[in-house]
Amino acid sequence: MRTYEKCFKCFEKQAERTAKLATHDADIHNEIMLQVKDYLQKVSMDSTPPEIAEHIYKIIADVSGNADPYQAIKQQNIEKVKSLYPALKQKLSQSDNQLEMAVRLAIAGNVIDYGLEKVMDIEQAIEEKLTQDFAIFDFEKFRNKLDKAEFILYLADNSGEAVLDKLLIETMNKKTIFAVKAKPVINDASLNEAELAGIHDVAEVVSSGSTAPGTLLSLCSPEFMDIFNRAPMIISKGQGNFEALSEVDAPIFFLLKAKCPIIARDLDVEVNDIILKSMG
């Protein structure tokens, strides 16, 4: 997915928010924003949003000296969702269609995104998504592909969301490889957050090699690409992965909430809609 002019204000807001988390030094804030704005003036519109964001977050890390500004927030989100896990697992066990409910729960976790908006009440945000109608719901394709798949490649998104990904992985009951970012970026899950979320109990956890807020295949490791190319079914969580992979020919199912007008337009849905979309 290419970048549009309207994306640039969002990039600047993300940079400003992250810079303030990275350091309290106003001079460093100013330097970060100067470098970000200078970069945005030169960037190609044919770049994907995750490619641009990857460079922006590198600027923030290099200038501030803080490689993981969202560390505390990620841990808080994981602990919050883990506290909800028993009740949500019980809700899942009582559902007439446990696979569909597990998909809903996994998508509900996608509301926890500090790249775009700050969710103040995670519990309420998740509950709202459990009864919302899907704008795109390729569930039969999902279930049929799952029945035949020897293993699942699961592309992680945010850290708190990973706790709910665990519920879906348990429900699918298939060998699953859970791919996380190679290093901290926004509140996305890396190896440390996957362990805190308990993913190691239900799946093999690997690094994709991507250092962007999305699985950019050009940045991924050869080891990951071997898994990607062999995977009979790929579950892709969140907007960043959609932006990075929407034009890739692979058996991908995108699970996400449409959080901005650009994504909503691309999917022909409304902002805040929830989606399970098959691409392969």
Side-chain angles (χ1 to χ4, degrees), residues 70-139 142-143 146 152 154-180 186-205 235-241 253-259 272-276:
Y70 289 85
Q71 181 180 24
I73 290 173
K74 288 186 292 185
Q75 292 177 352
Q76 290 167 10
N77 286 345
I78 290 170
E79 292 306 314
K80 174 60 179 178
V81 183
K82 284 173 78 172
S83 73
L84 304 175
Y85 184 87
L88 293 174
K89 188 163 186 175
Q90 182 178 14
K91 186 187 293 285
L92 176 60
S93 69
Q94 295 170 347
S95 173
D96 293 334
N97 189 329
Q98 292 190 18
L99 181 59
E100 179 180 334
M101 177 57 74
V103 168
R104 279 189 171 276
L105 285 165
I107 295 175
N110 193 232
V111 301
I112 312 167
D113 189 342
Y114 288 86
L116 290 174
E117 57 184 332
K118 197 166 185 177
V119 178
M120 300 306 296
D121 189 334
I122 291 174
E123 183 173 6
Q124 179 181 347
I126 291 172
E127 282 293 332
E128 287 174 355
K129 295 303 170 190
L130 294 185
T131 56
Q132 183 176 341
D133 290 336
F134 281 85
I136 301 173
F137 192 46
D138 294 333
F139 182 71
F142 182 91
R143 183 166 58 186
L146 179 63
I152 311 300
Y154 201 114
L155 307 180
D157 189 33
N158 74 64
S159 297
E161 182 176 355
V163 179
L164 300 181
D165 293 332
K166 182 180 177 183
L167 280 173
L168 177 54
I169 293 168
E170 289 174 327
T171 303
M172 292 189 299
N173 195 29
K174 290 272 185 172
K175 177 184 176 182
T176 301
I177 300 173
F178 191 81
V180 298
I186 321 181
N187 66 326
D188 286 6
S190 58
L191 291 171
N192 180 59
E193 287 76 42
E195 184 171 1
L196 291 173
I199 297 297
H200 291 77
D201 297 334
V202 296
E204 177 186 353
V205 180
I235 294 175
S236 169
K237 294 296 299 297
Q239 279 198 165
N241 282 327
F253 288 86
F254 292 104
L255 279 65
L256 70 150
K257 169 190 169 185
K259 299 172 185 172
N272 293 320
D273 277 349
I274 55 175
I275 292 106
L276 166 58

For this session: Start with the C-alpha gap between Val103 and Leu276, add the side-chain angles, then the distance that decides, and say whether side-chain contact (heavy atoms from CB on, under 4.5 Å) holds.
Result: CA-CA 8 Å; Val103 168; Leu276 166 58; 4.1 Å; yes

Problem set entry | Side-chain (Ser93) to main-chain (Gln90) donor-acceptor, under 3.5 angstrom | yes

Exercise. Can a donor-acceptor pair be found between the side chains of Asn241 and Asp157 at a distance below 3.5 Å?
Worked result: no

Exercise. Does Glu193 use its side chain to pair, donor to acceptor, with the backbone of Ser190 at less than 3.5 Å?
Worked result: yes

Exercise. Pick from Phe134, Phe253, Phe137: which one makes a ring pair (Phe, Tyr, Trp, His ring centres under 6.0 Å) with Phe142?
Worked result: Phe253

Exercise. Minimum heavy-atom separation for Ser95 to Met101, with atom names?
Worked result: OG-CB, 3.6 Å

For this session: First locate atom CG of Leu255, then atom CG of Leu105, and finally report the distance between them rounded to the nearest 0.5 Å.
Result: 11.5 Å

For this session: Working to the nearest 0.5 Å, report the span between CG of Asn97 and CZ of Phe139.
Result: 4.5 Å

Seminar exercise, completed: Correct closest heavy-atom pair for Ala102 and Leu168 would be CB-CD1, 3.7 Å

Exercise. Got a donor-acceptor contact below 3.5 angstrom from the Lys237 side chain to the Ala106 backbone?
Worked result: yes

Problem set entry | pair Leu196-Lys82: side-chain heavy atoms closer than 4.5 Å | no

Problem set entry | Heavy-atom check, side chain of Ile152 versus side chain of Ile235, under 4.5 Å | yes

Seminar exercise, completed: Correct closest heavy-atom pair for Arg104 and Gln132 would be NH1-O, 2.7 Å

Problem set entry | Ile169 CD1 to Phe178 CZ distance, which is reported to the nearest 0.5 Å | 5.5 Å

Exercise. Are the side chain of Ser159 and the backbone of Asn187 linked by a donor-acceptor contact shorter than 3.5 Å?
Worked result: yes

Exercise. Could you give the distance from CD1 (Ile73) to CD1 (Ile78), rounded to the nearest 0.5 Å?
Worked result: 12.0 Å

Problem set entry | Trace of the side-chain contact (heavy atoms from CB on, under 4.5 Å) decision for Asp201 with Glu170 | CA-CA 10 Å; Asp201 297 334; Glu170 289 174 327; over 6 Å; no

Problem set entry | Any donor-acceptor pair under 3.5 Å from Arg143 side chain to Glu100 backbone | no

Exercise. In Å, rounded to the nearest 0.5 Å, how long is the span from CD of Gln239 to CG of Asn158?
Worked result: 11.5 Å

Exercise. Below 4.5 Å, heavy atoms only, C-beta onward: do Leu167 and Tyr85 meet side chain to side chain?
Worked result: yes

Exercise. Under the 3.5 angstrom rule, does the side chain of Lys259 hit a backbone N or O of Asn110 as a donor-acceptor pair?
Worked result: yes

Seminar exercise, completed: Residues Val205 and Ala194: closest non-hydrogen pair is CG1-CB, 3.9 Å

Problem set entry | Enclosure of Lys129 NZ (heavy-atom neighbours >12, cutoff 6.0 Å) | yes

For this session: Give the minimum heavy-atom separation between Val180 and Ala156, together with the two atoms involved.
Result: CG1-CB, 4.1 Å

Problem set entry | Side-chain donor-acceptor pair present, Gln75, Glu79, cut-off under 3.5 Å | no

Exercise. Heavy atoms, side chains only, cut-off 4.5 Å: are Leu88 and Val163 in contact?
Worked result: no

Exercise. Is there a side-chain contact (heavy atoms from CB on, under 4.5 Å) between Val202 and Thr176 once you walk through the steps?
Worked result: CA-CA 8 Å; Val202 296; Thr176 301; over 6 Å; no

Exercise. Quick one: does Lys91's side chain get under 4.5 Å of Glu127's, heavy atoms only?
Worked result: yes

For this session: Hey, could you give me the CD/CG distance between Gln98 and Leu92, rounded to the nearest 0.5 Å?
Result: 5.0 Å

Problem set entry | Criterion side-chain contact (heavy atoms from CB on, under 4.5 Å) on Tyr154 and Ile199, from CA distance to verdict | CA-CA 11 Å; Tyr154 201 114; Ile199 297 297; over 6 Å; no

Exercise. Is there side-chain contact between Leu84 and Ile126, with heavy atoms separated by less than 4.5 Å?
Worked result: yes

For this session: Return yes if some donor-acceptor pair links the side-chain N/O of Glu161 with the main-chain N/O of Gly238 below 3.5 Å, else return no.
Result: no

Seminar exercise, completed: Here the pair of heavy atoms bringing Ser83 nearest to Pro86 is O-CD, 3.7 Å

For this session: Using distance alone, with no hydrogens and no angle criterion, decide if Gln71 and Lys74 have a side-chain donor and acceptor under 3.5 Å apart.
Result: no

